[in-house]
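See below for the structure under consideration.
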Amino acid sequence: MPRYWLLKSEPAMFAFDDLWKAPKRTTYWDGVRNYQARNFMRDDMQVGDLAFFYHSSVDPAGIAGIVKIVKAGYPDWTAFEKGHEHYDEKSDPKNPTWVMVDVQAVEPLPEFVTLETLRGVKGLDGLELLRKGSRLSVQPVSAAHFAIIAKAGKAKTTG
DNA sequence: GCCAACGTTGGC
DNA sequence: GCCAACGTTGGC
């Protein structure tokens with residue numbers, strides 16, 4: 001059974017649309033520099049897992065699309081590149097501190113699901129994103145929550 | 001090991 | 001731009 005996740009990105013840096021236009025609609029998810037988020041990627045994320053692509057620090061914030069994990073955790077090499085935005089001198093290439101995964105865009109949500117919308121959706125009690133003070137950039141999402149949110153992102157139909 | 005200071009995240 | 005919340009650092 002696949003697990004489900006939510007990945008945050010600032011669209012000014014990298015938006016779902018950028019991933020959609022990328023070769024094979026695939027990229028490496030670098031720059032996670034939080035241990036809890038790192039542990040999720042390193043220990044629990046597996047090929048075939050699905051994740052929401054969440055746009056943070058933008059108005060409105062919300063979920064733009066769905067991605068699939070296509071490569072499980074491996075060393076985040078951007079931590080080794082001096083001058084790189086995500087360089088971390090304390091990460092030893094022989095014993096890397098940080099981890100990245102590869103993700104592939106699956107589909108955009110027909111309707112962008114804003115954070116405000118999510119707060120009004122029933123059945124999302126316990127969703128990490130909605131927890132006060134939550135700022136984890138990699139979060140687990142239950143299968144039930146994933147289904148509810150995906151449904152909320154489907155285009156409204158008449159009749 | 002405690003905890004104050006500091007830096008970052010991210011919604012508003 | 002503000003600031004609450006939270007993670008990390010470093011003195012002790």
Side-chain angles (χ1 to χ4, degrees), chain A residues 3-22 27-45 49-69 72-103 105-106 108-142 144-154:
Chain A
R3 297 194 192 203
Y4 300 92
W5 307 93
L6 182 144
L7 301 172
K8 291 183 186 175
S9 179
E10 298 187 21
M13 303 297 299
F14 191 79
F16 183 82
D17 201 42
D18 295 320
L19 180 59
W20 195 255
K21 290 174 189 161
T27 194
Y28 50 87
W29 203 264
D30 67 316
V32 173
R33 296 291 180 267
N34 169 281
Y35 287 102
Q36 204 180 344
R38 186 278 313 267
N39 292 348
F40 282 133
M41 291 204 298
R42 184 190 62 188
D43 303 335
D44 299 324
M45 236 180 228
D49 287 0
L50 296 176
F52 289 124
F53 193 120
Y54 180 85
H55 285 182
S56 66
S57 295
V58 68
D59 188 15
I63 296 169
I66 294 172
V67 304
K68 182 167 63 176
I69 310 305
Y74 62 103
D76 182 344
W77 50 265
T78 66
F80 311 139
E81 305 247 314
K82 236 175 193 164
H84 193 284
E85 186 183 6
H86 298 138
Y87 175 65
D88 178 4
E89 61 175 3
K90 284 180 282 188
S91 185
D92 179 358
K94 290 173 201 149
N95 184 21
T97 308
W98 306 114
V99 164
M100 58 166 68
V101 298
D102 286 359
V103 301
V106 174
L109 289 187
E111 260 191 61
F112 186 80
V113 180
T114 68
L115 182 57
E116 188 186 6
T117 298
L118 285 174
R119 292 193 200 284
V121 174
K122 287 185 180 162
L124 294 182
D125 291 353
L127 184 69
E128 168 67 17
L129 185 73
L130 299 182
R131 189 178 60 80
K132 185 175 168 67
S134 165
R135 29 175 242 198
L136 257 185
S137 62
V138 177
Q139 324 180 344
V141 176
S142 73
H145 286 169
F146 194 91
I148 289 169
I149 295 168
K151 190 178 173 188
K154 285 194 174 152

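Order of the sequence lines sets the chain letters (A, B, ...), proteins ahead of strands, with each chain counted from 1.
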Taking the six-membered ring for Trp, are the ring centroids of A/Tyr35 and A/Trp98 within less than 6.0 Å of each other?
yes
For A/Leu130 and C/dA5, give me the distance from atom CG to atom P, rounded to whole Å.
16 Å
Inter-residue atom distance A/Tyr4.OH - A/Ile149.CD1, 0.5 Å rounding
12.0 Å
Please report the distance, rounded to the nearest Å, between CG in A/Asp59 and P in C/dC2.
18 Å
Between P of C/dG7 and CD of A/Gln139, the distance in whole Å:
12 Å
In whole Å, I'd like the distance from the CG atom of A/Leu129 to the P atom of B/dC12.
10 Å
Pick base, sugar-phosphate or nothing for A/Arg119, based on heavy-atom distances below 4.0 Å to the nucleic acid.
sugar-phosphate
Side chain of A/Leu115 - closest among C/dC6, B/dC12, C/dG7:
B/dC12
Which nucleotide wins on minimum distance to the side chain of A/Tyr35, given the candidates B/dG11, B/dG10, C/dT8?
C/dT8
Give a yes or no answer on whether the side chain of A/Asp49 reaches the backbone of A/Arg3 with a donor-acceptor pair at less than 3.5 Å.
yes
Side chain of A/Lys132 - closest among C/dA5, B/dG10, C/dG7
C/dA5
To the nearest Å, give me how far apart CG (A/Leu7) and P (B/dT9) are.
16 Å
Report the distance from atom CE of A/Met13 to atom C1' of B/dG10, rounded to the nearest whole Å.
15 Å
Quick one: is B/dG10 close enough that its OP1 or OP2 comes under 4.0 Å of any side-chain N or O from A/Lys8?
yes
Closest to the side chain of A/Ser57, out of B/dC12, B/dG10, C/dG7, is B/dG10
Does a side-chain N or O from A/Arg131 land closer than 4.0 Å to OP1 or OP2 of B/dG10, or not?
no
I need the CG-P distance between A/Asn34 and C/dT8, as an integer number of Å.
6 Å
Could you tell me whether A/Glu128 and A/Arg131 make a salt bridge, using a distance below 4.0 angstrom between a side-chain N and a carboxylate O?
yes
